[in-house]
Each structure stands twice: as structure tokens, then as C-alpha cells.
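Since we're looking at a predicted model, the values are computed, not measured.
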Amino acid sequence: MLNELLPKRSIAVLTSGGDSQGMNAALRAVVRTGLSRGVEVYAIHDGYRGMVAGGEAIRKMRWDSVGGILHQGGTIIGTARCDEFRTHEGRLKAAQNLVLHGIDSLVVIGGDGSLTGADLFRREWPGLLQELADAGRISSEQAGAHPHLLLTGLVGSIDNDMFGTDMTIGADTALTRIVEAVDAITSTAASHQRAFVVEVMGRHCGYLALMGAIATGANWVLIPENPPEVDEWEAEMCRVMEAGRETGRRHNLILVAEGATDRRGNPIKSEYVRQVLEERLGLDARVTILGHVQRGGAPTAFDRYHSTMLGAAAVDNLLAADSETQPALIGLRQHDVVSSPLMENVARTHQVAELIAAQQYEKAMEMRGGSFASSYHIYQALVSSRPRPPQSGQPHLNILIFHAGGLAPGMNTAVRAAVRLGLDQGQTMFAAHNGFQGLIDGDIQEMDWMGVHGWVRRGGAELGTSRKAPTKGDLQPIARQLENHRIDAVLMIGGWTGYLGIYELSRWREVFPAFNIPMVCLPNSINNDLPGTELSIGSDTALNNIMVDVDKIKQSAVASSRVFVVEVMGRDCGYLALMSGLATGAERVYLPEEGITLADLQVDVNDLVRDFGKGKRLGLMIRNEHADRIYTTDFLCALFEKEGANLFDVRKAVLGHVQQGGNPSPFDRVQATRLVSASLQYLLSQKEKDPAACVAIGLRRGMPVFTDLDELPDLLEKNAQRPKEQWWLRLRPLARLMSLSDLPQPDQGG
Ligand code: ADP
């Protein structure tokens, strides 16, 4: 009772510095989480400028103030740069405005500049309040009520340039825009035998350029962390371009980070790179500076769901903090939200910039961390790779690649990487067509360098895939084909059927010696239903495909009161349903892990009727295709239609095969390449082992890991096509809370 009489605590959120995609998702999560925790939430418009100006710029937020913004680019509360906040008087005004609103807790979403400014403000706060009280600008009671400013930071930056988080808010979308643009450019480059020099953002950080280069198959990249030798790099770059031309390549693509320099710190401009190509190689070279395209468009699924996770965690961090707590930066380590000291991260970020300025590049690279460095090595291997004969003393293997399972984006990217990295290491690469059927029929071909040209970006599966699992009678023909082609190692790139099939072969090793070779299963399925990995290649693309379609469906509904029941793929795994629900703001997701009960449906009908009765105009229910055998998508539609009566009508959208199509997302391309590289290393290292290992490669905490296939039965759910462990299920309460149409009452979920 007493609590109800006390004034509510007030927190404020602002976006500052350069805008980035996903800021809206973070804002929505901050507002809704804050309100659900019983505090007042204010949004400060236009960053520190609004804080200094006060008045209308500081607005109280309601639950529905942040409705319908997930898909919008930029930030609805605006962002700005503000020189006045750099001055004492500016910060004094800002403190006064906050105190007048009873605000003493801040979530700042911005880059290192904004976060540095916020920390300075926090440290000065007691002095600023004293000064304001002394000058009579606030009362001493007001000053006394807010002795400390509490602060939590989120990093909004497209460059992915901050410590304390694996991914900054907006980096994935920026990378996506770059890759879309470069894909478009390369298609015209190939028809004209042109070279394109593409400049991307990144003053101190080569993340966008490096990952963009891996994802587009660029032939050269220049990044600030690892500049090339003065006077030598031009010749080296030209040599690589020439070698490419000799193998039959028709176009060249060079990515340049805007902060690229040579090893003595002299800037390398894209125009200069173009001149070198033209003058030394006679190439028709063009420069494209992508500029603000990289900040534009709708945020990707990743930027929506991870920013939602971070925004929610920021509020909880702030509410748990006290005057003794150091401000935290809330970031992501793989799929986990982590908190670390804000200013240590800012200091380390500045340190990298200083190391680059001091030309201490090895240290700068080291500080960027393991996966940045390993990505750089993969890029180097791919860019300098060419078909080579095996070196003496090096193992030589005949390696067979094939797909099995449903079609998934990233299959071609993975095959290209496997063929090129394998040939570069002197291995002979074979491919079987159409899954296990090709293996049975002997539909096997040797792969050459140019045979996979352009596959890095191509959706579909050029080799073909099928859901046919090998039966007992197929084992003998498969063994014969492996022997005929003297296959020493197998890389299966695919899904469920592939895993079970390879497991089956491994169990027959004693009967068929041909199966006693190392085999790796690489997870490539949109369903994300495979054991031994947190994510499978293809699921990110599928998630984005779903999101794009649902965005359109939502737009189509503006004119009428309507509920959409959207059915998505995933078989027995609800990953796509839950994550697309988080990324699109669906009211409800139906998952096979939970099933559907009559009681659930009763609650959902009641909620819909209540909310539409209050003026709601759009309902979005996402149902996984196997969520329940009886309560089908048609059943749900009929039920809602009947109960909705005059309040709303209902439409069904079964998204179907669009989910498997389209070019792979940058994330899927980069991870496919990384996993293939690690798989080949593994196969080579297994050559002498007996019995040879059969493993599934996967991503755990962002790093490649191997799981023995013997463990397969223990890892799988009984009678369902999914692993026992699924990290993303823990996001269900967050998805539920975010999707509510209004502030939850004490007896409501969330
Ligand atoms: P970003 O946050 O993207 O790095 P900026 O460096 O431009 O962008 O910072 C955004 C705003 O944050 C600045 O316009 C200023 O208002 C504030 N700011 C940045 N650095 C400081 C600082 N050292 N002291 C006070 N305010 C700062």
C-alpha cells in the first residue's frame, strides 16, 4: 500500500550520435520493459540536444507510443549531435531538465562519443545538482531526491566498433545493405568485364569491409586494422587480379573501408585504388561510395530481436543498480546478453583507434578478438587461393561434398568455399548430385575452380538436394561408389536427412570398410533443428524472408480490422516462429515445443475480442507448421473468424517456399564459409585415424565446435525432429511481454 503512495521512479531513454537500424527495437523494449516493471519511462528526443532543451523534447511514453515501429529504420525519437552538451552550461541545463521530470536514471543508446558524454555527465551529476540548487534553479528537496544519476549504455553504431558486445545495434543491417548493393554491382561488372572499387563505412574498424568481402567473394579488401605494406601492396593486389583473370574470372571487386591506410598511416582512397587498376592492368574500373545507403532501409531480423533483448536487459540492469554500481554496457556474447563496465569498454575501443594511429597493427588486430582475426585469415586464404598441386609431405585426400535434407540458403556458398579452399590445399574435390540418391547412382563429378564461380551469393542448391534417406539396401551401392571414386573424406552440407544418413553410414563401418573415413555434417537448414549447433546456416536468411513478408502483410491490413494467421516452416522446431514473432511484433506464436490447447485458444480469443473491442486494428498470430496436429492453421482461422464476429475478419497466410529461397544473408554466407574452413581442417587432421571420426560441426558461442555423431541419439528429442537443447526457448517470456497490446495487469502474463 505504502509503495502505491510513493511517486513512481522515472527513467529516460535517448538515442544519440549516428542513427542505426534497430534503435527503434531497443527503444520499444526499454519502454515496454520499464512500464511493465512499474516505472515511468520518458523518451528524450534528438539526443543530448533534447536533454539540454527540455520542454517538449522530454516526453512520457505509454505502452502504445512504441507500437508499429519495429520495422522502421532510424530512430523515431530522433538523434542529433549536440555541441552544447560538451559545455558545462549545457550539461547544467540537461541536469535541470531531468530533475524537473524526476528522472535520475538513463539508458543511452549511441556510439562511444555518446557514451563517453553520458559518463562524464553521471560523474558530474552531484556537483551539477548542487550548483543548480545554489542558484535556485531547483529546490534543495529536488536535489536531495536525486543524489545520483544511474546510467546504462547500449551501443548503436553501424561500424561494429565497440568492445563489450559482439554486435552493435545496426551493424547487421549495414552489412546487409552493403552485400545487397555489391551483389547488384557484381552482376553488371561481370557482363562488362569491369572492376569495381566499393567504399564502405568504418573509420577505425574494418568489420563491414572484411565481412562484406567474405560474403561477396571480393578479390581484395583494405581495412584499417591490417594495412598493406607501403609501395608493395599495389603490385600484390594487381598480381591477385591477374591470377584471377588467368583462372577465367570476368570481374574484380575490391572493398575499401573508409579509414583504410597503408602501413605508414597514409590514407588509401578508393579513387587511388581505381587508378592503380586502370593504369597498371588496363582495367575498366569504377568507384562506388555506398555512403548513407548503409544506414538506410528496414532493420534486419537480427537487429530487431537482439536490440529487443538488449533494451529489456538495460532496464533491468538500471533498476538493479545503485550509487555504488559502475555503469554497465549491455551487449551480446553470441546469444547471451552480457553486462560489462561501460567505461572500460569505451577505453578499450579508444585504445584500438590509438594503436592504429600509432601504427601498431598487430596489437590492434589482436584486440579485435579471435573471430575477427580468424575471419581475416579465411578471407586471405580465399583471396589468394588458386588450384595448386599437393605439396610434398601434405596429405592428399579425395573429398566428397553433397547436400541432403531440405533446400536452404547458403548451400552454394558452402560448396564454393569447400571446393576453392580444398583445391588450394591440393585436395581433389568431388560432388554428388541430389543428395544420397546421387551417391547411390554414382552421379558424382570432380569439381573445378571456375565451376563454382558466382556461387557465393546464389540462392538454391546447384548440386541439388533431396530428403531421401539411405535405406539398408542403399548401403552397398553407396559403399561401391565411395570405393570407385577412392573417396577419403566426406563433407555433408545439409539438414536432418543428411545427419541421420551419415549416422547410419557410420554405424555400418565394420561391414562396409568404405564408410571408415572421416565424415563431417555441416548444419545447413532453415529450420535450425540440428544438434550440436546453436544456429544452422540458412535460418538467418529464412527468418529475414519471413520478416519481409510479414512486414508487407501488416502494411496490407491498415485499412481494415484484421487478424492474420501466418504459418511458417520449421517442422518440429519453433525457432523460425518464435524469432519471427520477436522480429515482427506478433501477438502470439504457436510452437511445436508447447503444442496448442483449447485453454490457450480460449485465452487468445478473449484477448483478441477485448483488444479489438478497444480499437485494435491488426492482430498477427504466427503458427509453426507442426505446432499442433488438430488445431491446424485452418482451424485457428475458422475459430477466430467465428469468435471475431463483427469486430475483425481473419486471413490466412501460409508463407511456403519463399522461406527457403532468395540469396543467402551475409550472416549465413560468412558462417557457411567459416564452418567449411574448419571442417576441411578437421577432415585433413583425421586422415590417419582409425576408426575415422564422424562428427557434426556447429557454432557454439560463435566458435566452430565438433560433436561426435555417436552421441546423436542422446542429443535428439524423442519422436520429434529437434534437439533436446534449444537456447532460444528462453526468449519466450520476452516475446510474450513485448507482444502485449497494453501494459500487463498484475494478473496477466509477462
Ligand atoms: P557517437 O555517439 O555515434 O560516437 P558522437 O561522437 O558525435 O557520436 O557523439 C554524439 C554526441 O554525444 C555529441 O554530439 C555530444 O553531444 C555528446 N558527446 C560526445 N563526446 C562527448 C564528451 N566527451 N563530452 C560530452 N559530450 C559528448
So which atom in [X] and which in [Y] form the shortest heavy-atom distance, rounded to 0.1 Å?
X      : Y      : value
Ala29  : Ser307 : CB-O, 4.5 Å
Gly410 : Ile537 : CA-CG2, 4.1 Å
Ala195 : Leu283 : CB-CD1, 4.0 Å
Gly73  : Asn24  : O-ND2, 3.4 Å

Donor-acceptor pairs under 3.5 angstrom involving side-chain atoms of residues 165-173: please list them, not counting sequence neighbours.
unit_1, atom_1, unit_2, atom_2, d
Thr165, OG1, Met167, O, 3.0
Thr165, OG1, Leu332, N, 2.9
Asp166, OD1, Arg333, NH1, 2.7
Asp166, OD2, Gln334, N, 2.8
Asp166, OD2, Gln334, NE2, 2.9
Thr168, OG1, Ser157, O, 2.5
Thr168, OG1, Asn160, N, 3.3
Asp172, OD2, Thr300, OG1, 2.7
Thr173, OG1, Thr300, N, 3.1
Thr173, OG1, Thr300, OG1, 3.4
Thr173, OG1, Asp303, OD2, 2.5

Check whether any side-chain heavy atom of [X] lies under 4.5 Å from a side-chain heavy atom of [Y], and answer yes or no.
X      : Y      : answer
Trp220 : Met241 : yes
Tyr272 : Val287 : no
Val179 : Asp183 : yes
Ile44  : Ile77  : no

So if I apply the side chain to side chain contact (heavy atoms under 4.5 Å, CB included) rule between Asp668 and each of Asp540, Thr413, Asn663, which one comes out positive?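 Checked Asp540, Thr413, Asn663 against Asp668; only one passes side chain to side chain contact (heavy atoms under 4.5 Å, CB included): Asp540.
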Run through Leu106, Val107, Ile109 and flag the one making a side chain to side chain contact (heavy atoms under 4.5 Å, CB included) with Leu14.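 Between Leu14 and the candidates, side chain to side chain contact (heavy atoms under 4.5 Å, CB included) is satisfied uniquely by Leu106.
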Can you check whether [Y]'s main-chain N or O pairs, donor with acceptor, with [X]'s side chain at less than 3.5 Å?
X      : Y      : value
Thr152 : Ala328 : no
Thr541 : Ser665 : yes
Asn219 : Leu253 : yes

In chain order, what residues pass the salt bridge (Lys or Arg N to Asp or Glu O under 4.0 Å) check against Arg123, with sequence neighbours excluded?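 Checked Arg123 against salt bridge (Lys or Arg N to Asp or Glu O under 4.0 Å); matches are Asp119.
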Over 60° means perpendicular and under 30° means parallel, so tell me whether His453 and His251 are parallel, tilted or perpendicular.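 The rings of His453 and His251 sit tilted, inter-plane angle from 30° to 60°.
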Going from CZ on Arg304 to CG on Asn544, what distance comes out if it is rounded to the nearest 0.5 angstrom?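 Arg304 CZ to Asn544 CG: 8.0 Å, rounded to 0.5 Å.
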Roughly how far apart are Gln659 CD and Ile546 CD1, rounded to 0.5 Å?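 Result: 4.0 Å between the selected atoms.
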Pairs where residues 338-378 contributes a residue and the test ring pair (Phe, Tyr, Trp, His ring centres under 6.0 Å) is met, not counting sequence neighbours: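 Counting only pairs at least two positions apart or across chains, the ring pair (Phe, Tyr, Trp, His ring centres under 6.0 Å) contacts touching residues 338-378 are Tyr376-Tyr379.
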Begin from the C-alpha positions of Gln671 and Arg674 and carry the test side-chain hydrogen bond (donor to acceptor under 3.5 Å, both in side chains) through to its verdict. CA-CA 5 Å; Gln671 298 308 336; Arg674 287 182 68 204; 3.2 Å; yes
Check this for me: Arg700, atom CZ, are more than 12 non-hydrogen atoms of other residues, nucleotides or ligands nearer than 6.0 Å?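 Result for CZ/Arg700: open.
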Between Glu366 and Lys363, is the salt bridge (Lys or Arg N to Asp or Glu O under 4.0 Å) condition met? List the steps. CA-CA 5 Å; Glu366 217 173 276; Lys363 281 199 183 138; over 6 Å; no
Please identify each residue that fulfils side-chain contact (heavy atoms from CB on, under 4.5 Å) with Glu242, with sequence neighbours left out.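 Residues passing side-chain contact (heavy atoms from CB on, under 4.5 Å) with Glu242: Arg245, Leu281.
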Only one of Thr75, Asp46, Thr79 passes side-chain hydrogen bond (donor to acceptor under 3.5 Å, both in side chains) with Thr15; say which it is.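 Answer to the side-chain hydrogen bond (donor to acceptor under 3.5 Å, both in side chains) test with Thr15 among Thr75, Asp46, Thr79: Thr75.
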For residues 199-217, run the donor-acceptor check on the side chains, cut-off 3.5 Å, and write out each pair with its distance to 0.1 Å, sequence neighbours left out.
unit_1, atom_1, unit_2, atom_2, d
Glu199, OE1, Ser270, OG, 2.6
Thr216, OG1, Gly212, O, 2.7

Output every pair passing side-chain hydrogen bond (donor to acceptor under 3.5 Å, both in side chains) with a member in residues 280-291, not counting sequence neighbours, ordered by first then second residue.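 Listed once each, the pairs are Arg194-Asp284, Asp284-Arg286.
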